[in-house]
Every structure is written in structure tokens, then in C-alpha cells.
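Note sheet for the following structure.
Please read all numbers here as calculations on a predicted model, not as lab measurements. The sequence lines fix the lettering, A, B, ..., with proteins before strands; numbering per chain opens at 1.
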Amino acid sequence: MKIIRFNNVRQSYPNGEGIQLADFSVGRGEFVFLVGPSGAGKSTILKLIIMAERPRSGTVEVGEYISSSIRPGQVPLLRRQIGMVFQDFRLLQDRNVYENVAFSLRVIGKSGAYIKKRVLRVLADVGISHKRYQMPQNLSGGEQQRVAIARAIVNEPLVVLADEPTGNLDPETAKDIMELLVKINIGGTAVLMATHNYHLVEQTGFRVLKIDAGVIRE
Amino acid sequence: MRLFIYSIVDGLSGLKRSGISSLLTILTICCSLVLLGAFYIIRQGLRENLQETRSRFVLEAFLLDAEPKDHETTGEKILHLAGVDSIEYVSKDDALARVRETFGDDYLALIEDNPLPASFHVVLQPSYVNRDSVARIVAAIAGVPGVEDVVYRATLIDLLNRYDRLVGAGFIIFGIALSILGFVLISNNIRLTIEAKRDIIETMELVGASRGLIVGPLLIQAMIEGGLGALFAGIVLSVLVQVGTIFIPVLSPVTAATIGVLVLVGILFGFLGSFNALGWRIRY
């Protein structure tokens, strides 16, 4: 079963960059790498998936939502089915680790008791529960990325989108984060990871989608 | 309901999280409202002063010589005229006593009979103390049987009216200017606070937070800041007025109602300021 489907998608920007053609899908529980050099359009693909942008032509389907028919009020609902992990972590700097992760559950209206139990469980899963009262600025890069991953998976999304999640980390920490993402995938969550680190891709046997001259095909 | 409770709890937490930024917003609101409040208090003081002066304005209705009973009837007729607040009867003897008190006995020693007429001092309702109304009332009193003549200080009325117009127009212009200035200051401060949270708001949008979930706590936080700033402004004004009354006796005291109005204005400014700043920021 496919959870993400790009149907002949084209996207362009005034500066000439963009996607010439994207026609691919991601199935439930898959781990897929999206590779290409910087500026190739990896982030554009991710923005199209979370419907921060609409394609110039073609359609993007994510779960039950289609880019051509989704209403603005449905965009937050779509995003609740997607976990996002960024290169620059994008944690809420004014809240501690626990509150950062809990926010994803508050968004979907879960009760306080459920939030507490679930957040502590997920923080333990990503190995950061001992730092739950720390503020993000007091954590190392690897720790911040673990918190971001915890936030991404806490509401059990259909898919985790990771945009260069190891880009700001040293090789050892990057390996740990990669292992964590694989562990999440083994648990049944699909992962779509954008990266320009071919070395990292070669170490695994996962499916690779390559952006070549703005074209992505199966 | 859950969103409302979350907004309040998170809005309160936001105050603590924002720390210095919140404190500066509260300070800005406080300063703006002290300015607005001081303006309002001075305006109130001047208006009350003007009203008091109007309430002291007196017409003198001199009476023809008659029996006291007839004067009483004349007085009742004057009292029932529109715009008349109260009357005071001054008999011939009272008038003489007042002249003696002012000028001394020697002045009247050569006169055998008391030449002074009895009169009524007519106090008008303050809203009738203007040129047209006074002219109308004077004509009506002059027409009452038993009244010989009516005198008053016409120049005082003109002075009061000119003062009233000047104060009214001046305060409308300054009031509007100060209100706009206060709102712009507060709104701008809140906009800067929210601008500083741009990354946080974007991240919240990316994890699927709805507009209400993002905007609610920020609105509540701004309203609390507005209310607190206004409350402090009320306290500052109370102290300022207590000190100021020593030098400017016309200042009205700061009542609980005045502070209540200030707090409401602060909350409203906080709400409008944050609403204005957030409106274009949240996309979904």
C-alpha cells in the first residue's frame, strides 16, 4: 500500500530551480533514501509532501489527501500524519525536551495522562529521557536530533520525513542517528530520508530515489 | 473547551518563558497607559472644575415690594421653571445686612428707609449655563408676576463657554493622538515579540498545530501582559495623583473604576496588537 505518491509532478521557481519531473511512490513501512546534490530539489520534494507548496502540475497524494483538492484547514491534519526531522533540529527553543515532544500530542488533543506516559516512553526509546527537563540550547547536536526524532514519532505517524538529519553531526553521532531511524523503520514506520551523503546510503541496502537533472523516477 | 484551557495555561507559561521580553512589553503598556490615564485624569479634573463653576453661577431676580406671602408665590413659580436648580430668598432686611457687612454702617447712616429690594438668588442646573439657555430663563423669570428685574454676569458665561470649547476640542485632538500613539507603541512591541517567535510558530505549523493552537496562547499572553501593564499604570497613576494633588488641586482621584477601565483598555490593546501581528503570520 502506497502512502506517498507523486504523479508526474513539476515544480519550478523564478530562479530556474525546481523539479522537472517527479513520478514515484513510497509504500507503508518502507525506508527510502532521496539523494542528490545540494540544490537538486530534495527539500522541494519534502515541502510538496507536507503541502507547504503545491505542484505547478501533477498531483501529490499523502495518505487520504491530494494536493489538488486539499483545503487549507486540512493541511495541519495531514501534517499530524507526518513526522518531520530537520538538519537544524527546529526544536521549540522556549520549551524543555519533555514539552517539545509533548507538543506533538497536544496538537492532536491527547489527555495529560496519556501524554506523560507516551512522552516518557518515546524519550526512553531514543535514549534521552534523562535530559527531559533540559532546554534545547543546553543539549549537544546529537541530543537535539534525538529529541527531534522523538517529537516526530511520538504520535505514531504514517511516515517520518528526515531532511539531512545527519548533516550537522559528527560521523559517530550521525551513525547513532541513522541507527535510530532504522530502528524506527523496523518498528513499522516508513522513513523518507533526504541526503547528499552517498557514503551513508551505500552502507545500507535501502531503496534509493535519485534526483538526476531535476528528474526523479522509480 | 480543551483548546481554551490549553490557551490559558500555555499563555501563562508563555509569560514565564518570554521573561525579559514579557517584562518589556508590560513596561511599554504601563508607560503608554500612564500617559493616557494622566490625560484622562487631567481632563476629568478640568471638567469637574468647569461643572462646579457652572453650578455656582447665580441670577439675581429683584422683586417688587409686596407681602412676604406674595414673594413666596413668586419664588415657587421661579423654582418650577425649566433649568432652575434652586433658589434662595433674600429679604429687604437680609439685603441691608449684607450691604452693611460689605460697606459698613456709615454708608447707610444718611438713609432713613431701606431702599434695597427683596430678591431671589437663582441657581441654574449646570447644563443650562450657556448664553441661549440663560437668556431664555432670564426672559421667563422676568415674566413672572412680582419680578422687577433680573441681573447676571453675562461675561462669565462667555468665558465659561470659551473655556469649555477650548478644553473640549483640545482634549479630543490630544485624546485621539495619544490613543493612536499608545496603540501603535503597544502593537509594535507585541509585533516584535511575536516576530522573535517566528521560528517557533513555523515549527508549530510544521508539526500540524492548528491556527487556534498557535494563536490562542499568544493572544492570551498578550492580553495578560496588557492587563498587567494597565494595572501597574493604575497604581503609578494613583501615586502620581496623590503627589500631584498637592500642586494641582483640581486633579480627580484614581478610583477603582478608573483602574478597571484602564485594565480593560490594556487587555483590548493587547488583544488587538497581537491579533494584528499574528493575522498575516499563520497560514493554516
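In this structure, the side chain of A:Arg79 does not engage the main chain of B:Val207 through any donor-acceptor pair within 3.5 Å.
Ring orientation note: the planes of A:Phe33 and A:Phe206 are tilted relative to one another, at an angle of 30° to 60°.
Using a 4.5 Å heavy-atom cut-off against chain A, the contacting residues of residues 8-20 of chain B are B:Asp10, B:Arg17.
Using a 4.0 Å cut-off between charged side-chain N and carboxylate O, B:Arg198 and B:Glu195 make a salt bridge.
Side-chain contact between A:Phe6 and A:Ile216 is absent, with no heavy atoms from C-beta onward closer than 4.5 Å. With contacts defined as side-chain heavy-atom distances shorter than 4.5 Å, the pair A:Glu30/A:Ile3 does not qualify.
Between B:Glu225 and B:Ser22, the side chains place a donor N or O and an acceptor N or O closer than 3.5 Å (distance only, hydrogens not considered).
Interface summary for chain B: among A:Leu92, A:Asp94, A:Leu78, A:Val107, the most heavy-atom pairs under 4.5 angstrom belong to A:Asp94.
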| Intermediate values then yes/no, salt bridge (Lys or Arg N to Asp or Glu O under 4.0 Å), A:Glu164 and A:Lys42 | CA-CA 9 Å; A:Glu164 304 275 7; A:Lys42 300 187 295 291; 3.6 Å; yes
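Interface remark: B:Leu206 contributes backbone and side-chain atoms alike to the contact with chain A (heavy atom separation under 4.5 Å).
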